[in-house]
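Following: one structure in structure tokens, then a few remarks.
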Amino acid sequence: MTIVNSIEELFAQTAQFNGSIGFVPTMGALHEGHLSLIRQARKNNDFVVVSIFVNPTQFLEGEDLDAYPRKEEADAKICELAGVDVLFMPNTKMMYEADELSITAPAIRGFILEGTKRPSHFDGMLQVVMKLLNLIAYNKPTAFRAYFGKKDAQQLALIMQMVKNYFINVDVVPCDIVRDSDGLALSSRNVYLSKEERIKALALSRSLKKATELVMQKEFKVEVIKEAMFEVLNEVDVEYVALVNRQFQALDEVEIGNTIILVAGVVGTTRLIDNLWI
Ligand code: AMP
């Protein structure tokens, strides 16, 4: 594996690739969730590139940009063991100029849910993903696939829309959520949780499990499902519980095969999200 810290070095590496590239963009502090994306990229491509970049433009004032877990050495080891070819770790200065044009997430998918709680978060996320996709595919690989987790469902929907709207030549591959054995969706932010908070945090996945049980009993009414979820979430400071279709439009009734159930909440000081696709 080659670690590259500059755009020139990255281009020098990808110029030598003669085949497909699988790309996994991350913010580091890698866990099994990231690894599942890397493994899929490894399985289906000739070359695998992983990026680690804690992108400042997607953090809002007062969020955890400075405190965001950084584990470069461990991350490099993990990538190496997973068979990554190139690990790209740029810095902010080489990724951004002082005054840049921006991308704005569309109202329907960008401003609801995460977007209302974190305005401009998605604009910054789309901006950096666009930059990274262009950088990795610069030397025109025979095929280009980028791997994203369903864990960030709204992010995934927006990236797919950006790729479509801007005619970006990449296949976006959605990957399933990886959970701990107790059900907690893996996240780099889980390290912030104390032992007690971690137990409380399990309510998020439990509320989704409750929703599935109701759907399996043929209870499709969103109002009823939400109420049952809120009961499970009584010890969590809930930000939203939502049932939407794949276009992120609110539903009154669950549509099998076209529904995403999302939950976000704060446990202690840690903001957590989780979701389930049915
Ligand atoms: P992050 O480093 O948090 O920006 O995440 C990088 C990528 O890993 C994103 O596409 C995430 O959706 C994905 N990811 C994060 N956590 C998980 C998880 N538990 N399961 C699957 N994918 C995940």
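Keep in mind that this is a model prediction, so the values were computed, not measured. Counting convention: from 1, in listed order, for ligands and their atoms alike.
With ligand atoms numbered from 1 in the order given, ligand 1 contributes 10 (O) to contacts under 4.0 Å with heavy atoms of F148. Counting atoms of ligand 1 from 1 in the listed order, those under 4.0 Å from a heavy atom of T26 are 2 (O), 6 (C). Residue-ligand proximity, D176 to ligand 1, at heavy-atom distances under 4.0 Å covers atoms 20 (N), 21 (C). Those atoms of ligand 1 that come under 4.0 Å of a heavy atom in L37, given as number and element, are 7 (C), 8 (O), 10 (O), 13 (C), 22 (N). Proximity to I177 (heavy-atom distance under 4.0 Å) selects the following atoms of ligand 1: 20 (N), 21 (C).
No side-chain N or O of N55 forms a donor-acceptor pair with one of Y68 less than 3.5 Å apart. Between the side chains of Y166 and N134, no donor-acceptor pair is found at a separation under 3.5 Å. Between the side chains of N44 and R145, not a single donor N or O lies within less than 3.5 Å of an accepting N or O.
Remark: among candidates P69, S187, P25, the nearest residue to atom 6 (C) of ligand 1 is P25, based on non-hydrogen atoms. Considering H31, H34, M27 only, the shortest heavy-atom separation from atom 8 (O) of ligand 1 involves H34. Ranked by closest heavy atom to atom 13 (C) of ligand 1, the top entry among G149, P174, A29 is G149.
For ligand 1, one of its N or O atoms has an N or O atom of L186 under 3.5 Å away. Close N/O approach between D152 and ligand 1 is found [any backbone or side-chain N/O within under 3.5 Å].
Listed by first and then second residue, the side-chain hydrogen bond (donor to acceptor under 3.5 Å, both in side chains) pairs involving residues 269-278 are E114-R271, R179-D274, E239-R271, N275-W277 (not counting sequence neighbours).
Of all heavy-atom pairs spanning I38 and A82, the tightest one is CG2-CB, 3.8 Å. The shortest heavy-atom contact between E97 and E100 is N-OE2, 2.6 Å.
Regarding atom 20 (N) of ligand 1, its nearest protein heavy-atom neighbour is V178 N, 2.9 Å. Looking at atom 23 (C) of ligand 1, its nearest protein heavy atom turns out to be K151 CB, 4.0 Å.
Salt-bridge check for E63 with R118: passed, with a basic side-chain N closer than 4.0 Å to an acidic carboxylate O. Salt-bridge check for E213 with R206: failed, with every basic side-chain N at 4.0 Å or more from each acidic carboxylate O.
Contact annotation for V24 and ligand 1: no heavy atom of the residue comes within less than 4.0 Å of the ligand.
Residues passing the side-chain hydrogen bond (donor to acceptor under 3.5 Å, both in side chains) test with N139, sequence neighbours excluded: T14.
Ligand 1 has no atom lying under 4.0 Å from any heavy atom of L156.
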